[in-house]
2 protein chains.
Amino acid sequence: MKLKIKNTEEELRNAGIKPSVQRLKIYEYLVNSLEHPTVDSIYNFLSSEIPTLSKTTVYNTMKLFQDNGLVMVVNIEDNETRFDADTSFHGHFKCTECGKVYDFPLPNTQPKIKELANHIVKESHYYLKGICANCKLNN
Amino acid sequence: MKLKIKNTEEELRNAGIKPSVQRLKIYEYLVNSLEHPTVDSIYNFLSSEIPTLSKTTVYNTMKLFQDNGLVMVVNIEDNETRFDADTSFHGHFKCTECGKVYDFPLPNTQPKIKELANHIVKESHYYLKGICANCKLNN
DNA sequence: GTATCTGCAAAACATTTGCAATTCT
DNA sequence: AGAATTGCAAATGTTTTGCAGATAC
């Protein structure tokens, strides 16, 4: 599901975001990470590389990225707000054993449900939980 | 979507939960409420009826209900943990204008996705956001 | 009388806000 | 210099934990 984007700096500019060092590194981490990181894991990963980095900046940056459509929030667990740089419609599966979150493709046609006929749908999320193939084997 | 359950006391007993006053009132509120309440709204609603009620008890009780399959968590928004006494498979639509969360039916067949073939799916959530019919009219 | 249940107070986290220092141009 | 960005420290909000008192069987 993850697309490796070569020119992250240009990506930011195209989205209308001035690419500071912090923003670039955060965005690169998001794009290259497979783990749908949280603010905390972004901060922990980057703080060795950018020792002055603060969590506030990570929060600010994630808000900025969201507002400009660069990332989507993955809210599969109630105590962790994760982020995904792949904003296309796809599903998320979380393993309750190892905690990993996997992407999976979905048909991009919304189900036709008559109860929804009069609502305007702008955003949709499909979340599954269970035991992943890996953990299933190791038990 | 909400089923009116007549004998809530028996419902609790069947689930293996001793029905205290607090638990009963909380469960009744959950079953009869259409709004997918949060801990806070449960507490606010019931504290006039049970003046000694504490939020800790509401948290404890919701945990207990979850563990015994009486409620499911609706995590459609990242800053509010809501609960639904209807644990059957159905979707949730949240209006970003008025904040209301609507239920809607879903076919109970999971989509067959080859990437999921080796995972064991135990739980699934389908969340939509947008503008509800009501808010659409009033604008 | 022993178990369980409740609820206060404090602790633990996650996130937001205000503001001063820093950086960029 | 002027505007935007960063990051510290404090505030806020939510959930958890420890424990003492109340309640149920």
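So that the names make sense, note that chain A is the first sequence line, chain B the second, and so on, each numbered from 1. None of the values given here were measured: they were computed from a predicted structure.
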Atom NZ of Lys63(A) and atom P of dA14(C) are separated, to the nearest Å, by 20 Å
Tell me: CD of Glu80(A) to C1' of dT15(D), nearest whole Å?
-> 15 Å
Presence of Tyr59(A) side-chain N/O under 4.0 Å of dT15(C) phosphate oxygens OP1/OP2 | yes
Spacing of Ile50(A) atom CD1 relative to dG7(D) atom C1', expressed in whole Å = 13 Å
Distance, rounded to the nearest Å, where Tyr43(B) contributes OH and dT14(D) contributes P = 13 Å
Among dT6(D), dG7(C), dC8(D), which nucleotide sits nearest the side chain of Thr57(B)?
-> dG7(C)
Whole Å only: how far is the CG atom of Asp78(A) from the C1' atom of dA14(C)?
-> 12 Å
Between the side chain of Tyr29(A) and the main-chain N/O of Ile42(A), is any donor-acceptor distance below 3.5 Å?
-> no
Compute whether any side-chain donor of one residue and acceptor of the other, for Gln22(A) and Thr57(A), lie under 3.5 angstrom apart.
-> no
Most 5' of Thr56(A) and Asp40(A) on DNA chain C, judged by nearest nucleotide = Asp40(A)
Determine whether Phe93(B) and Asp103(B) make a side-chain contact, defined as any pair of heavy atoms from C-beta on separated by less than 4.5 Å.
-> no
Interatomic distance where CG belongs to Asn75(B) and P belongs to dT15(D) [whole Å] = 10 Å
Is it true that His119(A) and Tyr102(B) have ring centroids separated by less than 6.0 Å?
-> yes
Compare side-chain N and O positions of Ser20(A) against OP1 and OP2 of dT6(D) and report whether any pair is under 4.0 Å apart.
-> yes
Scanning all shown strands, the Watson-Crick or wobble mate of dT23(D) with both distances under 3.5 Å is none
Distance below 4.0 Å between Thr52(B) side-chain N/O and dG7(C) OP1 or OP2 | yes
d(CG, Leu64(B); P, dT6(C)) in whole Å = 9 Å
Would you indicate, yes or no, if dG7(C) has its OP1 or OP2 atom less than 4.0 angstrom from a side-chain nitrogen or oxygen of Gln22(B)?
-> yes
Can you check whether Asp78(B)'s main-chain N or O pairs, donor with acceptor, with Asn75(A)'s side chain at less than 3.5 Å?
-> yes
Taken to the nearest whole Å, NZ/Lys55(B) to P/dC8(C) is 12 Å
